[in-house]
Amino acid sequence: MTHSLWAVADLHAAVKANAEAIDRIQPERPGDWLIVAGDVAERTELVLEVLTKLRRRFARVIWVPGNHELFCRSSDRYQGRDKYEELVTGCRRIDVLTPEDPYPVFAGCTIVPLFTLYDYSFRAPGYSVEQAVQAAHDRQVMMTDEFAIAPFVDIRAWCWDRLAYSVKRLSKVTGPTILVNHWPLVVEPVESLYVRELAPWCGTRHTRSWASRYEAKAVVFGHLHMPGTYVVEGIPHHEVSLGYPREWQRYPADRQWPVRILQAGD
């Protein structure tokens with residue numbers, strides 16, 4: 001019997017119209033695994049509720065955070081880095097793997113869940129970070145991150161901490177990998193954005209070499225709400241988002257989603 005590794009992202013479960021699509025995330029066979037590449041929801045309780053449902057269906061669920069999981073309010077009990085720790089603790093309670101756990105192996109490939117954030121380095125050439133943020137503000141496309149994450153944590157410092165932490169762990173991995181991150185690891189998919197001013201919030205240039213350096217057979221990401229496969233230096237980078245109704249209602253009726261990343265025989 002064969003079993004598959006599937007991937008989804010950007011479920012945005014707080015949007016009621018997405019509920020039916022989330023219900024359709026089902027395994028083909030009992031041994032199937034599922035990657036959830038961030039942006040499940042904003043509230044911790046809802047994130048864990050959705051992941052619990054998915055864990056009941058799949059033999060293994062692997063989750064990485066997106067920016068929406070990190071959204072905070074001043075009245076929240078946990079903010080910034082503490083909110084991430086709250087999510088990790090909750091995932092461990094329901095047997096969902098996170099970027100803090102031992103990396104699992106599927107069909108000979110080490111599945112590496114990452115959490116890198118972004119450092120605004122995808123901004124336009126010649127712009128400072130402040131100028132890039134102002135340019136987005138001027139086009140009235142400011143990311144909610146600036147109001148719901150940035151006031152509670154130094155995002156660039158957290159990004160650089162996560163990069164160092166991830167490289168240290170990746171250096172101990174041998175053999176082929178599947179790299180999983182909410183944000184793209186390379187800039188090419190970001191260059192297709194209709195609103196280029198959003199690029200600074202879409203990743204970091206410091207992950208550019210990771211796919212080749214760590215023998216990735218594939219990279220899984222979301223965030224852009226631009227599903228498809230981008231082949232960069234011979235390695236497929238799969239954007240696997242659901243997105244918002246106004247987006248997924250335009251997708252072809254025969255679109256395969258969840259996306260099958262890998263298949264293996266028992």
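Please read all numbers here as calculations on a predicted model, not as lab measurements.
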Task: Audit row: His3, Phe106, ring pair (Phe, Tyr, Trp, His ring centres under 6.0 Å) steps and yes/no - done: CA-CA 10 Å; His3 53 293; Phe106 182 94; 5.1 Å; yes
Any side-chain donor near an acceptor of the partner, [X] and [Y], under 3.5 Å:
X      : Y      : result
Glu100 : Tyr165 : yes
His223 : Asp39  : no
Asn181 : Trp210 : no
Asp119 : Trp160 : yes
Ser166 : Arg162 : no
Asn18  : Tyr244 : no
Trp6   : Glu28  : no

Under 4.5 Å between side-chain heavy atoms, hopping through other hydrophobics if needed: is there a path connecting [X] to [Y]?
X      : Y      : answer
Val64  : Val167 : no
Trp201 : Leu114 : no
Phe71  : Val141 : yes
Tyr78  : Val96  : no
Val180 : Phe221 : yes

Please tell me if the side chains of [X] and [Y] come closer than 4.5 Å, counting only heavy atoms from C-beta onward.
X      : Y      : answer
Leu54  : Ile25  : yes
Glu49  : Leu46  : yes
Leu97  : Val61  : no
Pro27  : Trp33  : no
Val173 : Tyr214 : no
Pro65  : Pro99  : yes
Thr207 : Val186 : no
Met226 : Ser192 : yes

Specify the closest pair of heavy atoms between [X] and [Y], including all atoms of both residues, with the distance to one decimal.
X      : Y      : answer
Ala17  : Trp248 : O-CZ2, 3.4 Å
Cys202 : Val190 : CB-CG2, 3.8 Å
Trp63  : Cys91  : CE3-SG, 3.7 Å
Ala132 : Pro200 : CB-CG, 3.9 Å
Thr229 : Pro236 : CG2-CB, 3.8 Å
Leu11  : Leu242 : O-CD2, 3.9 Å

Considering residues, nucleotides and ligands other than [X], do more than 12 of their heavy atoms fall under 6.0 Å from its [atom1]?
X      : atom1 : result
Gln140 : CD    : no
Arg255 : CZ    : yes
Glu20  : CD    : no
Arg57  : CZ    : yes

For [Y], is there any backbone N or O sitting under 3.5 Å from a side-chain donor or acceptor partner on [X]?
X      : Y      : value
Arg205 : Ser121 : yes
Arg43  : Glu69  : no
Gln256 : Arg260 : yes
Arg92  : Asp95  : no
Glu239 : Ser241 : yes
Gln134 : Gln131 : no
Glu146 : Met143 : no

Task: Ring geometry between Phe115 and Tyr84 (parallel below 30°, tilted from 30 to 60°, perpendicular above 60°) - done: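 Taking Phe115 first and then Tyr84, their aromatic rings sit tilted (interplane angle of 30° to 60°).
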Measure the [atom1]-[atom2] distance between [X] and [Y] for me, rounded to the nearest 0.5 Å.
X      : Y      : atom1 : atom2 : answer
Leu51  : Ile62  : CG    : CD1   : 12.0 Å
Thr177 : Ile235 : OG1   : CD1   : 8.0 Å
Arg123 : Leu198 : CZ    : CG    : 15.5 Å
Ile111 : Lys217 : CD1   : NZ    : 10.0 Å
Leu117 : Thr204 : CG    : OG1   : 10.0 Å
Asp10  : His225 : CG    : NE2   : 3.5 Å

TODO: Report the C-alpha separation of Leu163 and Thr116 in whole Å, then their side-chain angles, then the decisive distance to 0.1 Å, and conclude whether the side-chain contact (heavy atoms from CB on, under 4.5 Å) test is met.
DONE: CA-CA 6 Å; Leu163 292 171; Thr116 64; 4.2 Å; yes
Salt-bridge test for [X] and [Y]: reply yes if a basic N is under 4.0 Å from a carboxylate O, no otherwise.
X     : Y     : value
Asp32 : Arg29 : no
Arg81 : Glu86 : no
Glu42 : Arg73 : no

Task: Worked check of side-chain contact (heavy atoms from CB on, under 4.5 Å) between Leu185 and Arg208 - done: CA-CA 6 Å; Leu185 297 183; Arg208 171 76 198 182; over 6 Å; no
Open item on the list: Using the ring centroid of each side chain, check whether His68 and His182 are separated by less than 6.0 Å.
Closed with: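 Between His182 and His68, which both carry aromatic rings, the centre distance is not below 6.0 Å.
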- [ ] Verify whether the ring centers belonging to Tyr120 and Tyr118 lie closer than 6.0 Å.
- [x]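 When the ring centroids of Tyr120 and Tyr118 are compared, they turn out to be within the sub-6.0 Å range.
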Open item on the list: Run Val220 and Ile261 through side-chain contact (heavy atoms from CB on, under 4.5 Å) and show every step you take.
Closed with: CA-CA 8 Å; Val220 175; Ile261 304 300; 3.8 Å; yes
- [ ] Apply the test side-chain contact (heavy atoms from CB on, under 4.5 Å) to residues Lys83 and Leu70: give CA-CA distance (whole Å), side-chain angles for both, the deciding distance (0.1 Å), then the verdict.
- [x] CA-CA 7 Å; Lys83 184 170 186 186; Leu70 304 176; 5.5 Å; no
